[in-house]
Amino acid sequence: MKLRLLPVVLSVIISAGVLFGGWFAYTSFAMESPLSDIISKVPGVTSSTMKLDKDKVDIEVVLKADANLRTVVEHINKDGASIIGKRTVNIHVKDNPSEKLDQWWSKALFEVAQAMETKHYADIPATLQKYAADMPNMKVESEMDQTYVYIRLTDGDATKFIMLPRTSQIGVWPNE
């Protein structure tokens, strides 16, 4: 029996197209689109992008200046639980900080990192308020849940959102 090259190559190409096309359509329409819709309906989210992998979901959100970051994360995890499944969720907030706000955070970061490392979470709001006293327009808000400490810094039109994980980590805290 002699195999003809053209029909074999065509059937391999068509099979691969159907398999990968079906997988892509399933991922896009059954997973990514519904999760994107859930994220866009969360109060305080102005826009978002996401990447859904086999074992993780990377989400980048742009928030309104008055958004509550803890509520946003809670909504994404709760409302998207059926789609997220056992994947790790990484949420990155794209904010609008100023150079002045970033410098202020760099100064306060030492004491905040120490409070996080020693698990003295109650020291964080006091530390932030102590540093905020130096800047007249600075507004500082902090909240906590089981996995993160959430901080929102506002100075006029500039806003910085920070999520600090409550797990021990070796190395430095992200200065985002």
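Fair warning: this is a prediction, and the values are worked out from it, not measured in the lab. Reckoned from all heavy atoms, side chains included, excluding hydrogens, waters and symmetry mates.
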Could you work out, with salt bridge (charged side-chain N to carboxylate O under 4.0 Å, His left out) as the rule, every residue matching Asp58, not counting sequence neighbours?
Lys56
For Lys139, enumerate each residue passing the salt bridge (charged side-chain N to carboxylate O under 4.0 Å, His left out) test, keeping only those at least two apart in sequence or located in another chain.
none
With sequence neighbours excluded, tell me which residues meet side chain to side chain contact (heavy atoms under 4.5 Å, CB included) with Ser47.
Val62
Could you pull out all residues at least two apart from Ser15 that satisfy side chain to side chain donor-acceptor pair (under 3.5 Å)?
none
Under the side chain to side chain contact (heavy atoms under 4.5 Å, CB included) rule, collect the residues that match up with Val9, sequence neighbours excluded.
Leu5, Ile13
Output all residues satisfying salt bridge (charged side-chain N to carboxylate O under 4.0 Å, His left out) with Glu141, sequence neighbours left out; order by chain, then residue number.
Arg152
Could you list the residues that satisfy ring-ring contact (aromatic ring centres under 6.0 Å, His included) with Tyr131, not counting sequence neighbours?
none
What pairs meet the salt bridge (Lys or Arg N to Asp or Glu O under 4.0 Å) rule with one or both residues in residues 13-26, with sequence neighbours excluded?
none
Scan residues 74-83 for pairs that pass salt bridge (Lys or Arg N to Asp or Glu O under 4.0 Å), counting only residues two or more places apart or in two chains.
Arg70-Glu74
Excluding sequence neighbours, so at least two apart, what forms side chain to side chain contact (heavy atoms under 4.5 Å, CB included) with Phe110?
none
Check whether any side-chain heavy atom of Thr159 sits under 4.5 Å from a side-chain heavy atom of Lys64, and report yes or no.
no
Take atom CG in Asp157; do more than 12 heavy atoms of anything else shown fall under 6.0 Å from it?
no
My understanding is that only residues two or more places apart in sequence, or in another chain, count here; which of them pass side chain to side chain contact (heavy atoms under 4.5 Å, CB included) with Met135?
Lys100, Trp104, Met138, Asp155
Residue pairs passing the salt bridge (Lys or Arg N to Asp or Glu O under 4.0 Å) test where at least one lies in residues 126-136, sequence neighbours excluded
Glu111-Lys130
